[in-house]
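Worksheet for the structure shown next.
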Amino acid sequence: MPGRAGRWIYTLLWKDFLLDYRNPLSASTQLIFSLGSGVLVGLVYRSSVWPAGSLIPAALPIVLVFQAVFASYNSFLREAESRTIDGLRLLPVGPEVVFASKLIYSIINIFAFTILFLLSLLFFAWPINVALAPLTAWVLLSSLYMGGVSSLSSAMMIYSRARGTLAPVLVLLLSLPFFQSSAVHVGVISQGYMPRPGWPIPLTILSLGFILVSLILARYVLE
Amino acid sequence: MPIAVRVMDVWKRYGKRWILRGISVNVSDGDRIFIYGSNGSGKTTLLGIIAGLILPSKGEVKYLCGLPRMCIGYSGHYPLLYEDLTVSENIRYYSSLYGVDPGEATSSLAWSLLFLDKVEGLRVSQLSYGWRKRVDIARALLHRPRVLLLDEPFTGLDEEASSSLGHLLLEVSRGGVAVVMTSPRLEGMYLELATRVYRIQEGVLEVAG
């Protein structure tokens with residue numbers, strides 16, 4: 001069964017990435033947003049007296065929320081727009097497998113574009129003193145959580161006529177607990193310091209816990 | 001013939017309006033059921049409920065044919081195809097998820113009778129509505145369902161395609177597949193095919209022939 005589920009998830013992911021490749025408008029928009037916001041934050045940092053410790057903790061959550069909103073539009077909402085959502089609902093693979101594939105797609109999407117934002121920011125703000133390895137780990141953990149937020153919000157909005165406005169608000173609201181818990185760590189990392197040992201553990205538990213709850217809710221949302 | 005799906009006293013309400021009122025019908029292997037009724041009479045909702053896409057407000061649907069997702073094939077108003085994928089990529093995608101060899105799907109009766117060889121390399125966005133409909137019907141059949149639900153299957157098809165689809169539906173129902181078709185009009189093609197005809201009016205299903 002795990003092998004079969006893996007093959008199903010691979011097929012569903014293959015389809016989503018192929019759709020992105022064939023119609024690159026959305027991915028291009030996300031690319032421009034990531035690079036552009038990196039340039040903007042980098043230039044603001046260079047031309048101001050603000051330390052990175054105050055700029056990055058403010059900019060990163062906002063960029064992550066935007067990436068999660070983009071990912072939610074490319075997830076179940078894209079299926080709803082193209083009227084293929086019923087095709088997913090009729091599949092014999094089960095809603096959890098469908099949700100897991102969208103979740104993985106969203107995590108990859110959010111992580112990749114947030115890393116692009118960071119690279120762009122670091123390039124334009126150089127020299128800047130940040131602890132890169134823990135910052136990357138923080139972005140990865142945030143991407144896990146935000147992937148869950150994005151997929152769940154997208155799935156919840158498929159039958160709403162106001163999905164265009166409701167989805168971003170839902171993403172923002174669901175992301176608040178994570179950023180409230182993790183703000184202190186990104187503040188320390190952005191000042192070039194290492195956070196206290198074991199700092200990723202509560203964030204990992206929070207992210208995986210949210211993903212687990214989302215997977216359980218998927219059955220009720222998608223059926 | 002053994003019963004594949006039993007629809008038992010199904011009611012459906014949207015807001016304050018009842019769309020379906022106490023519908024009961026048995027779908028047996030090899031049946032070719034035609035349901036007609038005016039726009040908004042509840043045909044699409046009934047098919048959606050049988051397909052498992054819509055929950056009834058009251059009543060239930062019993063699937064005696066096995067797991068609903070494996071024994072039901074559904075082709076609705078809107079083809080469940082990805083516009084930016086080619087026809088063969090769509091078929092490969094669905095085949096993989098239904099555990100069917102894609103080669104089997106492309107060598108099926110549906111594939112040849114609907115002339116899908118002609119369009120297999122084209123993206124769905126390049127196809128007319130009629131061709132999309134043909135591909136979607138082949139998609140609905142690829143996992144060999146025991147019940148095939150078709151919402152206005154002949155809409156948008158030219159004469160040649162209509163005749164081929166009619167031939168295909170006859171062949172699959174001879175193989176034991178139950179076919180349930182809907183249309184807003186009482187049309188000749190449906191009447192030639194159907195073994196049972198129902199009229200749906202204001203959510204009530206009546207035997208019409």
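Chain naming here is simple, since letters A, B, ... match the order of the sequence lines and numbering starts at 1 in each.
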Problem set entry | Side chain / backbone / both / neither for B:Leu67 at chain A, heavy atoms under 4.5 Å | neither

Show me the donor-acceptor pairs under 3.5 Å between chain A and chain B.
| residue | atom | partner | partner atom | Å |
| --- | --- | --- | --- | --- |
| A:Thr11 | OG1 | B:Ser96 | OG | 2.9 |
| A:Lys15 | NZ | B:Tyr82 | OH | 3.4 |
| A:Arg22 | NH1 | B:Asp84 | O | 3.0 |
| A:Arg22 | NH1 | B:Glu89 | OE1 | 2.8 |
| A:Arg22 | NH2 | B:Glu89 | OE1 | 3.4 |
| A:Arg22 | NH2 | B:Glu89 | OE2 | 2.7 |
| A:Glu79 | OE1 | B:Tyr82 | OH | 2.6 |
| A:Glu79 | OE2 | B:Tyr82 | OH | 3.4 |
| A:Arg89 | O | B:Arg69 | NE | 2.9 |
| A:Arg89 | O | B:Arg69 | NH2 | 3.0 |
| A:Arg89 | NH1 | B:Leu53 | O | 3.2 |
| A:Arg89 | NH2 | B:Leu53 | O | 2.8 |
| A:Leu90 | O | B:Tyr98 | OH | 3.4 |
| A:Leu91 | O | B:Arg69 | NE | 3.1 |
| A:Glu223 | OE2 | B:Arg69 | NH2 | 3.4 |

For this session: Verify the neighbour count for atom CE of B:Met189: are there more than 12 heavy atoms of other residues, nucleotides or ligands below 6.0 Å?
Result: yes

Problem set entry | Choice from A:Leu91, A:Leu18, A:Leu88 maximising heavy atom contacts with chain B below 4.5 Å | A:Leu91

Exercise. Around A:Phe17, counting heavy atoms of other residues, nucleotides and ligands shown, do more than 12 lie under 6.0 Å from its CZ?
Worked result: yes

Exercise. With only heavy atoms counted, which part of B:Leu55 is less than 4.5 Å from chain A, the side chain, the backbone, both or neither?
Worked result: neither

For this session: Would you indicate whether the side-chain heavy atoms of A:Ile85 and B:Leu80 approach each other to under 4.5 Å?
Result: no

